[in-house]
Amino acid sequence: MDYIGNQGHVQCEVLAYEEVFAGDLFEYALERCKAVSARDDQHVLISLVWAMPIGKRCLQAFPELLFSDATHKTNQENRPLITFGVKDAQGRVQVVIRAWAPNERAWMFRWLFQTAVPAIIGKATCERIRLVLTDGDSQELTQLDAAISSVFTKCVRSRCGWHIIHQGWKQHVGSLGRNEEAKEIAKRIRSWLYSFMKSIETLDEYKASKALLLSYVNSEEVVKVIGDNNADHIVTFVHSNVFVHEQHFARCFYLDVRGFDAYSNTCLEGTNYGVKYCENRVLPNMSQAKATKVMTNQDEDKFTQNQKKASDAFHKTPLQARTNTSAHVLQTAESMLQQAMVASESYISYRVCERKWWVLYSGHRNLPVRLLPVFARVRTVSIDKNNRMKCSCFEYERKGIPLLDPSELNEDELNIRNKLVTARWKSPQTPTAPASMKSLDEGRYSVGSKSEDKFMSMTGEDLFLYFQALMKNKLSILNYNIERVEKAVAVMEKHEGNAVGMTQEMHNCSADFSFVGPGDETSDVANPVGSHKVLNLLYKELTQLCDVAGNDKTAKTARDLEKLIIALKEEIASEQSPPTCKVVSCMVSKVSGKRKHVKQFKY
């Protein structure tokens, strides 16, 4: 098999591996030679893999996250084009490796992952890859798993969430109806599924969120809008096409992997789309040589533009920047730092011992309008004997420190970059604690300035008891009753893999919750009570106060209550009355046969 790895702008290296010619690959090679009537002394191109020098440098600088995707209609031979991309320090996707494949069979991907890619980027770079994000091709996934055990030894594989949810929904569920309520329900369910990839952190949170989702789909609020058949289709879809892949998309299974919270390879899909639809694009009738030259020119132009942007960002400070860090980091890193600094004012912390803290988010949460479960997570920050800090959220392990890799650096800048790269790969990769810290008595606890009022008034002892109460339970959900959630989880686990047997029991569980309905923004709270119970308590307290205050105060209170009742009646009447609108009819023109929309009247 012949493949090409760029060693310069013109030079290339052609390698032939006789040992890989076995089985299906050998048979395909013989068939290909016969098809083109090749002589024994002639070479026949089976596959072509190439990487530009600047693309290899980009991959070596940012190897942690690797995207993989295949696209078609780029050459006259109908060969699939397989691309690999990475994200640079600015968050832009750069295509670093391209391959013309003869097909998408297992032997092709085996050769690509275990022979071609390692030969181009080197074994050391392969061992630095932490996460590979692919779509759902079964042959590709099987061979990638085999390559992870031998080539990409420190890597895990993840499935693209967009292919699982968006494309899977189109294929297996489709439309739930034309009305806006049904469309809103479909949007909420898909958003809930995406939350498994974006915000869930532990296995217990994942199970609770799954159970609540299934309860929501089988609830009266949803079934009366979309119908029983659509509800059953959704339950079957999530069981057969989503949950079966949970090991490769749920965030809780690779929370500490340096993958920058990526859950979809649509960014690479967009890049491949641009290759076929930009101004200087490849066309389906182009030869492989012509299409390769066009894509190489595209890559050179894109790399040149991104180099200029990175260099400008590195050497120039925005006029609006007024922080201490803006002159030393890129805009992407500055944004991350500023977000962290602002968010730090919405946390409370309690120092358990000399080298350990409990940390909790204490900012405002709009719980009554939240459909997805809101978890109260107590973080544990600790310092080891080497003075290295670590947090149980694994934020640093996932994102790290973004580094700049401009192509043109002077000697001093190059020395600084080399030191940063060395420090980047040195183990352990955790931040170092400050050399001097407050004593245990001086800094026992802190409350952020943007915390809710209930935290602002707490003492150190109150905070300690509050943290202890939260940590007694494995799970703490702020907008749902935890006992009812555990009941739904038990039903889900009882019927694991049996969507039909679970439907009725989950429907019964859904009656315990008050989900957000279409156009309504209400949610089940921890201790739901009826309005009469609330008003009865207030009425009793109000009468007791009026007895003490006297007749004048009682008369004034009665007048105020009467005004509130009148205002509430008017508000309810206005909500129930039909809205004033224009009625539009549709008539077919006799001349053109087209529909005309005609305004008739107002009411």
Side-chain angles (χ1 to χ4, degrees), residues 135-138 141 159-200 206-251 263-264 266 370-373 480 484-485 487-520 522-524:
D135 53 21
D137 187 283
S138 59
L141 299 179
R159 283 284 304 273
C160 172
W162 182 80
H163 285 89
I164 293 175
I165 297 175
H166 186 271
Q167 296 297 86
W169 184 280
K170 287 172 58 178
Q171 182 178 356
H172 300 285
V173 180
S175 174
L176 299 181
R178 295 184 178 181
N179 60 66
E180 294 300 323
E181 294 179 349
K183 293 178 181 178
E184 184 65 23
I185 287 175
K187 182 179 178 181
R188 287 172 177 170
I189 294 174
R190 290 195 295 265
S191 298
W192 203 321
L193 292 171
Y194 277 118
S195 72
F196 299 154
M197 311 171 191
K198 298 192 288 185
S199 59
I200 297 299
Y206 177 57
K207 290 180 179 180
S209 189
K210 279 172 58 178
L212 285 170
L213 171 62
L214 294 171
S215 298
Y216 174 66
V217 173
N218 289 284
S219 65
E220 290 289 345
E221 294 93 328
V222 173
V223 172
K224 71 181 181 182
V225 176
I226 66 175
D228 290 325
N229 288 337
N230 281 331
D232 291 340
H233 289 163
I234 295 173
V235 172
T236 303
F237 163 68
V238 297
H239 271 283
S240 304
N241 302 94
V242 179
F243 293 161
V244 293
H245 304 298
E246 61 187 17
Q247 294 284 341
H248 298 290
F249 74 77
R251 188 167 178 251
Y263 62 91
S264 171
T266 50
R370 300 292 291 273
L371 172 63
L372 273 64
Y480 287 98
R484 296 174 179 177
V485 173
K487 178 183 176 182
V489 172
V491 172
M492 180 186 68
E493 292 181 340
K494 176 183 175 182
H495 298 279
E496 191 70 34
N498 183 10
V500 178
M502 182 195 64
T503 301
Q504 184 57 45
E505 286 195 56
M506 195 59 75
H507 177 75
N508 297 334
C509 287
S510 66
D512 295 334
F513 305 106
S514 177
F515 292 105
V516 176
D520 183 23
T522 58
S523 175
D524 180 74

* To do: Show your working on side chain to side chain contact (heavy atoms under 4.5 Å, CB included) between Val238 and Val217 and close with a plain yes or no.
  => CA-CA 11 Å; Val238 297; Val217 173; over 6 Å; no
Would you compute the distance between atom [atom1] of [X] and atom [atom2] of [Y] and round it to the nearest 0.5 angstrom?
X: Leu213; Y: Phe196; atom1: CG; atom2: CZ; answer: 5.0 Å
X: Leu176; Y: Glu181; atom1: CG; atom2: CD; answer: 12.5 Å
X: Ser175; Y: Asn230; atom1: OG; atom2: CG; answer: 8.0 Å
X: His163; Y: Gln171; atom1: NE2; atom2: CD; answer: 11.5 Å
X: Asn241; Y: Gln167; atom1: CG; atom2: CD; answer: 12.5 Å
X: Ile164; Y: Ser264; atom1: CD1; atom2: OG; answer: 10.0 Å

* Which is it for Ile234 and Ile226 under the side chain to side chain contact (heavy atoms under 4.5 Å, CB included) test, yes or no, and what are the steps along the way? -> CA-CA 10 Å; Ile234 295 173; Ile226 66 175; 3.9 Å; yes
Any idea which heavy atoms bring [X] and [Y] closest together, and the distance?
X: Ala208; Y: Val489; answer: CA-CG2, 3.8 Å
X: Ser209; Y: Ile200; answer: CB-CD1, 4.1 Å
X: Val223; Y: Ala231; answer: CG2-CB, 4.3 Å
X: Ile185; Y: Tyr216; answer: CG1-OH, 4.0 Å
X: Val173; Y: His233; answer: CG2-O, 4.3 Å
X: Lys183; Y: Arg178; answer: CE-O, 3.4 Å

Does any non-hydrogen side-chain atom of [Y] lie less than 4.5 Å from one of [X]?
X: Met197; Y: Trp162; answer: no
X: Glu184; Y: Val225; answer: no
X: Leu214; Y: Val491; answer: no
X: Leu193; Y: Phe237; answer: yes

* Asked: Are Tyr263 and Phe249 close enough that their ring centres sit under 6.0 Å apart?
  ->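 When the ring centroids of Tyr263 and Phe249 are compared, they turn out to be at least 6.0 Å apart.
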* To do: Could you go through the side chain to side chain contact (heavy atoms under 4.5 Å, CB included) check for Leu141 and Arg159 one step at a time?
  => CA-CA 9 Å; Leu141 299 179; Arg159 283 284 304 273; 3.7 Å; yes
* To do: Examine distances only and state if a side-chain atom of Tyr480 and a backbone atom of Leu371 form a donor-acceptor pair shorter than 3.5 Å.
  =>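 Yes, Tyr480 side chain to Leu371 backbone: donor-acceptor pair under 3.5 Å.
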